[in-house]
Every structure is written in structure tokens, then in C-alpha cells.
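To start, the structure itself, in C-alpha cells.
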Amino acid sequence: MNQVQKGSLFVISGPSGVGKGTLVNLLRAKCPEIALSTSVTTRKPRPGEINGTHYFFIEKEVFLYRLKHGDFLEWNEFAKNYYGTDRNIVETAVQQGHNLLLEIDVKGALQVKEKKPEAILIFIEPPSLEELKARLFKRKTESEREIQERLSIVKSEIGKKHLFDYSIVNDDLELAFSELENIIMNQINRTEIYKK
Ligand code: ADP
Ligand code: 5GP
């Protein structure tokens with residue numbers, strides 16, 4: 001009997017500025033064997049963001065063309081930009097038995113659950129709206145108008161957390177990371193299967 005690892009699909013979601021990227025970076029540093037799907041977006045790159053690493057940055061016309069051709073497993077228009085997950089990246093990783101992580105918004109996460117019910121959805125929650133706002137302002141990657149746009153949908157996003165498999169409050173970063181790591185490692189260990 002050979003022991004093989006069946007790949008799991010993890011979706012990390014939650015409001016903008018809650019700390020998804022921070023937690024995912026910590027996870028990838030500790031568990032480099034977990035792959036991260038690179039999303040496609042029409043948003044302009046922030047200083048330091050690299051095409052093909054942080055996102056595939058494309059024009060709106062190209063995004064809409066690819067959407068029409070069914071290239072995306074899920075997609076959403078978020079704060080006036082389009083974001084999508086390349087279906088091929090997910091299918092290839094799953095077929096090859098890799099553990100794959102998607103870091104996407106709440107609407108996108110729920111689309112993934114519909115299409116792939118086996119996906120593990122993890123909601124990252126802020127300790128309070130005030131703290132979330134403070135984090136977005138501190139990050140300084142969006143204008144005040146863009147921050148307000150992101151904050152305007154937070155309540156409706158938090159209202160959907162019951163549709164997720166797990167929810168983690170990102171107050172103390174170390175604690176939140178440890179909860180995330182436990183959920184992910186338990187799932188990976190649980191999906192070990194035996195084949196003849
Ligand atoms: P997201 O990817 O969800 O938009 P980020 O990971 O970019 O959020 O985090 C937003 C800001 O909040 C960053 O400046 C980050 O350093 C900070 N941050 C993340 N987690 C915490 C935490 N637990 N406590 C305080 N600040 C945090
Ligand atoms: P940002 O502009 O801050 O990088 O991302 C804005 C929001 O879009 C975040 O909540 C982020 O998780 C989400 N996002 C990133 N990639 C995707 C994707 O492929 N699909 C969806 N639906 N959302 C995404």
C-alpha cells in the first residue's frame with residue numbers, strides 16, 4: 001500500500017484590510033508546500049507588486065473576454081475592479097494532488113463552495129469595525145474614497161460568515177495564525193488516503 005496525499009482546496013476570505021494577506025504570507029513561510037493561486041485582476045499594481053507573483057494584472061477588456069470564455073472558476077467586481085480565479089490553476093493543482101490556497105473576497109468564496117463543495121472556507125474576521133478601518137488607513141495602499149468603498153460592504157460580508165466552515169478573529173496575529181495553521185494542518189492530515 002502506498003500512502004498518498006489527496007490535495008485540499010482552502011479558501012481564505014474576509015473583509016479588505018482584515019489581515020488575509022498577512023496570515024497567508026506567514027502560512028506560506030512556514031508551510032511552503034501549500035501552493036497559493038495567483039488571481040487575475042484589472043486593478044493597477046501597488047508599489048512593489050509584481051505581475052505573475054501578486055496578481056496577473058490585465059486590462060478590463062481582456063478580463064471580460066476571458067470571463068466570456070469560461071476561464072474563471074469564480075470572479076467578482078470589487079471596489080470597481082474585476083478579480084478572478086483561473087480555473088486551470090485550480091483544476092491542475094487538484095488533479096496533481098497539491099494543497100491549494102485561494103485568497104479571495106466573500107462573494108468569490110461562496111461561488112467556489114457552490115462549484116466545489118469539498119473546498120474548506122475560512123472567514124477572517126476583524127476584532128471591530130474601528131480596528132479594520134485603522135488597519136486600512138495604516139496600510140496606505142488606497143485613497144480615502146477607496147477605503148470608504150471597501151468599508152461600505154463590510155457589514156454584509158460579515159453577515160455571510162455563517163456560510164463558512166471556520167471563522168477566525170484576527171486580533172492577536174500570533175493567535176490567529178496558530179488557529180489558521182491548526183485548521184489547515186488538521187485537514188491535510190485528515191485527507192491522507194491509502195491506495196493499492
Ligand atoms: P488584507 O489582505 O485582508 O486586505 P492585510 O494583510 O494587507 O489585509 O492587512 C492590512 C493591514 O493590517 C496591514 O498593514 C497589516 O500589517 C495589518 N495587520 C494584519 N494583521 C494584524 C493584526 N492581527 N494586528 C494588527 N495589524 C494587523
Ligand atoms: P486587493 O485589491 O486588496 O488586492 O483585493 C481586494 C479584494 O479582492 C480582497 O478581498 C481580495 O481577497 C479579493 N480578491 C483577490 N483575488 C481575488 C479573486 O481571484 N477573486 C475574488 N473573488 N476576489 C479576489
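Quick caveat, the model's predicted, so the values are computed rather than measured. Counting convention: from 1, in listed order, for ligands and their atoms alike.
Look at F72 and you'll find every heavy atom at least 4.0 Å from all atoms of ligand 2. Residue contact annotation: A176 has no non-hydrogen atom under 4.0 Å from ligand 1. Residue contact check for ligand 1: D171 places a non-hydrogen atom closer than 4.0 Å to it. Note on ligand 1: G14 sits outside its first shell, no heavy atom being nearer than 4.0 Å.
Of all protein heavy atoms, the one lying nearest to atom 15 (C) of ligand 1 is T22 OG1, 3.6 Å. In terms of protein heavy-atom proximity, atom 20 (N) of ligand 1 is nearest to N170 ND2, 3.1 Å. Of all protein heavy atoms, the one lying nearest to atom 10 (C) of ligand 1 is G17 O, 3.5 Å. The nearest protein atom to atom 7 (O) of ligand 1, hydrogens excluded, is given as R139 NH1, 2.8 Å; this is a heavy-atom distance. From the protein, the heavy atom lying nearest to atom 25 (C) of ligand 1 is R135 NE, 3.6 Å. If you check which protein heavy atom lies closest to atom 8 (O) of ligand 1, you get G19 N, 3.1 Å.
Residue contacts with ligand 2 for R150 involve side-chain atoms from C-beta outward but no N, CA, C or O (heavy atoms, distance under 4.0 Å). Residue R46 touches ligand 2 through its side chain alone, judged by heavy-atom distances below 4.0 Å. Under 4.0 angstrom from ligand 2, the non-hydrogen atoms of K20 all belong to its side chain.
The closest side-chain heavy-atom distance from Y83 to S39 is not below 4.5 Å.
Between G84 and ligand 2, at least one pair of N/O atoms sits closer than 3.5 Å. In terms of polar-atom proximity, W75 is not counted as a contact of ligand 2, lacking any N or O under 3.5 Å from an N or O of the ligand.
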